[in-house]
Q: 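Structure provided below as structure tokens; questions to follow.
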Amino acid sequence: MGKVRVRFAPSPTGYLHVGGARTALYNYLFAKQNQGTFVLRIEDTDLARSTEESINGVLEGMEFLGLTWDEGPYFQSKRLEYYKEAADKLLAAGRAYRCYCTPEELDQMRKAALERKEDPVYDGRCRHLTEEQRAELEAQGRTSVLRFKADNEGETSFDDLIKGQITFDNKQIDDFVIWKSDGMPTYNFGVVVDDALMEITHVIRGDDHVSNTPKQIQLYHALGYPVPKFAHVPMILGEDRTRLSKRHGATSVTQFRDEGYLPEAMNNYLALLGWSYDDSQTLFSMDELIEKFSLERVSHNPAVFDIQKLQWMNGVYIRDMDIDQLYIRVLAQWQKAGFLSENPSEEEAVKAKAVLKELQSRVKLLNELDEAAYYFFQDEVRYNQAVVEKILFKPGVADILSHLLNELLQLKEFTEENLEPIFKATIEKFDCKLGNIMQPVRVAVTGTNVSPSIYPVLTLVGRARTCQRLRDAVEMIKANEKGE
RNA sequence: GCCCCCAUCGUCUAGAGGCCUAGGACACCGCCCUUUCACGGCGAAGGCACCGGUUCGAAUCCGGUUGGGGGUACCA
């Protein structure tokens, strides 16, 4: 095998969706594994859809996932001269011709064919137009497109690296358009010219291109280009088993990034969506994926995107991360939330890391870290009213909290070791269970009944804030008693 | 309609004729750990779409049915 060259060729739709991301990933892995070249090419021949903004969406997604390309990005809109040259070649060789049919006429022809229960393929009526007829049509002001004179006899087949041999009857292939009246090449034409000129050896792309492949192969032949190998990756579906789209919720990589997913988890999950190694292994680093990925083991059938599993995997990566790493990842968002200053002091960093250590096994997304951590860094506590009523507004709670408050104020050092005996003593004094003390304290200090272990929570919140919150809670309870 | 592809637990999958009374992971349920919630540990439940072949023997091979996906554009 010569030097491997693969490409990812998205059309700019405003964002990189997970299906595209997975295709990009597979291309990337295949390139790296074979010391090949990974080319990025933007297929922006649809003038209406291609904007700079939507191109950035794609690039951002790629960068987030760390799928760095070795060449490009190339833009088809800037390569018109190459397509023109190839089209002229076809025209000169008699393998292409001008067609003057209007979209409306074509539409009618299709409908008529369908009614006659025939295949809705173009009938090639403009194939044999004479010079005079052409001149006349042009005099009428008709615009024209360029059609490829397809081979309608025999079969076209190729050996797909994932699906195996696939054969098409050439009767299905009509004289398709290669050049649009707006002056742009069509997709099928652009890909072929570019893949050939860029010397792409392996075309790894979505399943939805299978039926385009025979057309493209005919084009390769007509143009005298060598035909690359093809590998068609099955689609990703939503829960309802239809093609994954926006209405299934988050599908864009940047959106996942904004929701707190890690690129490592995304890559790992996406790699496994349609590919498996030996099935006892589910966690793969990028290096392992590069080493172990293979097209042969890519599944033949479409896969349903399972957000739950992605979420679980993200949690695994968060848990496995060392605290310094986690701190770096969360720094910006915590600064934005006001938990950390612009240039955090050593003291701030130490505290933040200690908080992260407590929270690490309790979140699945980076974003959850904001809500889970705010009470360590801010004075105000957001009380969950239902929980307050259930746990704080119970007889005797005010006494316990008041007692605890006094004890805590007298403590020499506000440490976990010193906290424990106080709680133990309080159990005895009030003759109750640990839970009867812990839970009210938890609610008073965190505003809710769910938090990390109480001793670390208290020490990290600090004596001042802890005591203040205990006082506030006692008052809240008393106010409630009066009100009733 | 026509063409192409596909078919193992709810989901992602292992399985390439006997190793399968079908294995793993997520989700779900139960138990343990535990001051709460997570994490962790243990366990349960759950599937070869159907019908015919081939074979001593089929989840695995063949045919059909059904079901799903994709395509059928001057979109990519």
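Note on naming: letters A, B, ... go to the chains in the order of the sequence lines (proteins, then strands), and numbering restarts at 1 for each one. Fair warning: this is a prediction, and the values are worked out from it, not measured in the lab.
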Q: Between A:Leu106 and A:Pro452, who's closer to the 5' end of RNA chain B by nearest nucleotide?
A: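 Going by which nucleotide is closer to the 5' end, it is A:Pro452.
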Q: Hey, does A:Thr143 reach any base, or is it just sugar-phosphate, or nothing, if we go heavy atoms under 4.0 Å?
A: nothing
Q: Do the side chain of A:Arg362 and the base of B:C37 come within less than 3.5 angstrom through a donor-acceptor pair of N or O atoms?
A: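 Answer is yes: a donor-acceptor pair is held.
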Q: Select from A:Gln172 and A:Gly435 the residue whose nearest nucleotide in RNA chain B is closer to the 5' end of that strand.
A: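 Checking each residue's closest nucleotide, the 5'-ward one belongs to A:Gln172.
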Q: Under 4.0 angstrom, heavy atoms only, what part of the nucleic acid is A:Pro10 near: base, sugar-phosphate, or nothing?
A: nothing
Q: Contact class for A:His232 vs. all strands (heavy atom < 4.0 Å): base, sugar-phosphate, or nothing?
A: nothing
Q: Using only heavy-atom distances, decide whether a donor-acceptor pair under 3.5 angstrom links the side-chain of A:Arg110 to the base of B:U72.
A: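 Flag unset: no donor-acceptor pair detected.
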Q: What nucleotide, of B:C12, B:C5, B:A76, holds the atom closest to the side chain of A:Lys309?
A: B:C12
Q: Counting any heavy atom closer than 4.0 Å, what does A:Asp169 reach on the DNA or RNA strands: base, sugar-phosphate only, or nothing?
A: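 If one applies the 4.0 Å heavy-atom cut-off, A:Asp169 turns out to touch nothing in the nucleic acid.
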Q: Under a 3.5 Å cut-off for both distances, is B:C26 Watson-Crick or wobble paired, and to whom?
A: B:G10
Q: Strictly below 4.0 Å, N to O, side chains only: are A:Glu389 and A:Lys394 in salt-bridge contact?
A: no
Q: Take atom CG of A:Asn301 and atom C1' of B:U11, then tell me their distance rounded to the nearest Å.
A: 13 Å
Q: Heavy atoms under 4.0 Å, any strand shown: does A:Lys117 hit a base, just sugar-phosphate, or nothing?
A: nothing
Q: Using the ring-ring contact (aromatic ring centres under 6.0 Å, His included) rule, take A:His403 and A:Phe430 through it: C-alpha gap first, then chi angles, then the decisive distance, then the call.
A: CA-CA 10 Å; A:His403 171 76; A:Phe430 288 89; 5.6 Å; yes
Q: For the pair A:Glu264 and A:Arg329, find out whether any cationic side-chain nitrogen is under 4.0 Å from an anionic carboxylate oxygen.
A: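 Yes.
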Q: A:Phe284 vs A:Trp275, test: ring-ring contact (aromatic ring centres under 6.0 Å, His included). Steps then yes/no.
A: CA-CA 12 Å; A:Phe284 295 86; A:Trp275 170 81; 5.5 Å; yes
Q: Return the orientation label for the A:Tyr455 and A:Phe423 ring planes: parallel under 30°, perpendicular over 60°, tilted otherwise.
A: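 Geometry flag for A:Phe423 against A:Tyr455: perpendicular rings.
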Q: Using whole Å, what does the distance between atom P of nucleotide B:U36 and atom CG of A:Leu359 come to?
A: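 The distance from CG of A:Leu359 to P of B:U36 comes to 18 Å, rounded to the nearest Å.
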Q: Within the 3.5 Å criterion, strictly below it, is a donor on A:Gln216 or A:Asn188 matched to an acceptor on the partner's side chain?
A: yes
Q: Using a heavy-atom cut-off of under 4.0 Å over every strand shown, decide if A:Ser276 touches base, sugar-phosphate, or nothing.
A: sugar-phosphate
Q: Looking across every strand, which nucleic acid part, if any, lies under 4.0 Å from A:Arg116 by heavy atom: base, sugar-phosphate, or nothing?
A: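 A:Arg116: no heavy atom of the nucleic acid under 4.0 Å.
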Q: Report which part of the nucleic acid A:Ser453 touches: base, sugar-phosphate, or nothing (heavy-atom distance under 4.0 Å, all strands).
A: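 Result for A:Ser453 = base.
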Q: For nucleotides 66-69 of chain B, which of its nitrogen or oxygen atoms have a protein nitrogen or oxygen under 3.5 Å away, and what is each distance?
A:
residue, atom, partner, partner atom, Å
B:G69, OP1, A:Arg241, O, 3.1

Q: A:Tyr269 pairs by ring pair (Phe, Tyr, Trp, His ring centres under 6.0 Å) with which of A:Phe305, A:Tyr261, A:Trp312?
A: A:Phe305
Q: Report the distance from atom CG of A:Leu272 to atom C1' of B:A25, rounded to the nearest whole Å.
A: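 Atom CG in A:Leu272 sits about 9 Å away from atom C1' in B:A25.
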Q: Checking all strands, does A:Ser361 fall into the base, sugar-phosphate, or nothing category for heavy-atom contacts under 4.0 angstrom?
A: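 Result for A:Ser361 = base.
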Q: Contact class for A:Val145 (heavy atom, under 4.0 Å): base, sugar-phosphate, or nothing?
A: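 The answer is base, as A:Val145 lies within the cut-off (heavy atoms under 4.0 Å) of a base atom.
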Q: Specify the separation, in whole Å, of atom CD of A:Gln439 and atom P of B:U35.
A: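 Taking atom P of B:U35 as the reference, CD of A:Gln439 is at 11 Å.
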Q: Which part of the nucleic acid, if any, lies within reach of A:Cys432 when heavy atoms closer than 4.0 Å are counted: base, sugar-phosphate only, or nothing?
A: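 Nothing, no heavy atom under 4.0 Å.
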Q: Any sub-3.5 Å donor-acceptor pair from A:Arg243's side-chain atoms to A:Leu237's backbone N or O?
A: no
Q: Does A:Lys180 have a side-chain nitrogen or oxygen under 4.0 Å from the phosphate oxygens OP1 or OP2 of B:A76?
A: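 Result: yes.
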Q: Could you work out the separation of B:C39 and B:G47 based on their C1' atoms and round it to a whole Å?
A: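 Each nucleotide's C1' atom is 30 Å from the other's.
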Q: Paired with B:C39: which nucleotide, if any, by Watson-Crick or G-U wobble criteria at under 3.5 Å for both distances?
A: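 With both distances under 3.5 Å required, B:C39 matches none.
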Q: Indicate whether the side chain of A:Arg147 and that of A:Thr186 have a donor and an acceptor atom separated by less than 3.5 Å.
A: no
Q: When we call it a touch if two heavy atoms are under 4.0 Å apart, what does A:Gly274 touch: a base, just sugar-phosphate, or nothing?
A: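 Sugar-phosphate, no base atom in range.
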Q: Would you check if A:Leu90 and A:Lys149 make a side-chain contact, meaning some heavy-atom pair closer than 4.5 Å?
A: no
Q: Just how far, in rounded Å, is P of B:A73 from CE of A:Met109?
A: 11 Å
Q: Is B:U34 paired to anything, Watson-Crick or G-U wobble with both distances less than 3.5 Å, and if yes, which nucleotide?
A: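 Partner of B:U34: none.
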Q: Which one is paired to B:U65, where only Watson-Crick or G-U wobble pairs with both distances under 3.5 angstrom count?
A: B:A49
Q: Which nucleotide in the list B:A76, B:A73, B:C26 gets nearest to the side chain of A:Thr186?
A: B:A76
Q: C1' atom, B:A14 versus B:C20: distance in rounded Å?
A: 12 Å
Q: Between A:His248 and A:Asp240, do the side chains contain an N or O donor and an N or O acceptor separated by less than 3.5 Å?
A: yes
Q: Apply the test ring-ring contact (aromatic ring centres under 6.0 Å, His included) to residues A:Tyr26 and A:Phe293: give CA-CA distance (whole Å), side-chain angles for both, the deciding distance (0.1 Å), then the verdict.
A: CA-CA 8 Å; A:Tyr26 287 3; A:Phe293 178 76; 4.8 Å; yes
Q: Write down the distance between NZ (A:Lys111) and P (B:A73), rounded to a whole number of angstrom.
A: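 That distance rounds to 12 Å.
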Q: Taking atom C1' in both B:G69 and B:C28, what distance in whole Å separates the two?
A: 27 Å
Q: Side chain of A:Glu43 only, heavy atoms from C-beta on: which candidate in B:A76, B:C12, B:C26 is closest?
A: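 From the listed options, B:A76 comes nearest.
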Q: Let's see if you get this right: which residues in residues 414-423 of chain A place a heavy atom under 4.0 Å from RNA chain B?
A: none
Q: Separation of A:Asp278 atom CG from B:A25 atom C1', in whole Å?
A: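 So the two atoms are 12 Å apart, to the nearest Å.
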Q: Ignoring backbone atoms, test whether A:Ser299 places a side-chain nitrogen or oxygen under 4.0 Å from the OP1 or OP2 oxygen of B:U13.
A: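 So the side-chain polar atoms of A:Ser299 do come within 4.0 Å of the phosphate oxygens OP1 or OP2 of B:U13, strictly under.
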Q: Is a side-chain donor-acceptor pair under 3.5 Å present for A:Tyr317 with A:Asn268?
A: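 Per modelled atom types, A:Asn268 and A:Tyr317 side chains form a pair under 3.5 Å.
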Q: If I take atom CG in residue A:Asp208 and atom C1' in nucleotide B:G70, what distance separates them, rounded to the nearest angstrom?
A: 7 Å
Q: For B:G18, give its Watson-Crick or G-U wobble partner with both distances under 3.5 Å, or none.
A: B:C56
Q: Considering every strand and a 4.0 Å limit on heavy-atom distances, what is the contact class for A:Ile166: base, sugar-phosphate, or nothing?
A: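 Result for A:Ile166 = sugar-phosphate.
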Q: Kindly indicate whether the side chain of A:Ser181 and the base of B:C74 share any N or O donor-acceptor pair separated by less than 3.5 Å?
A: yes
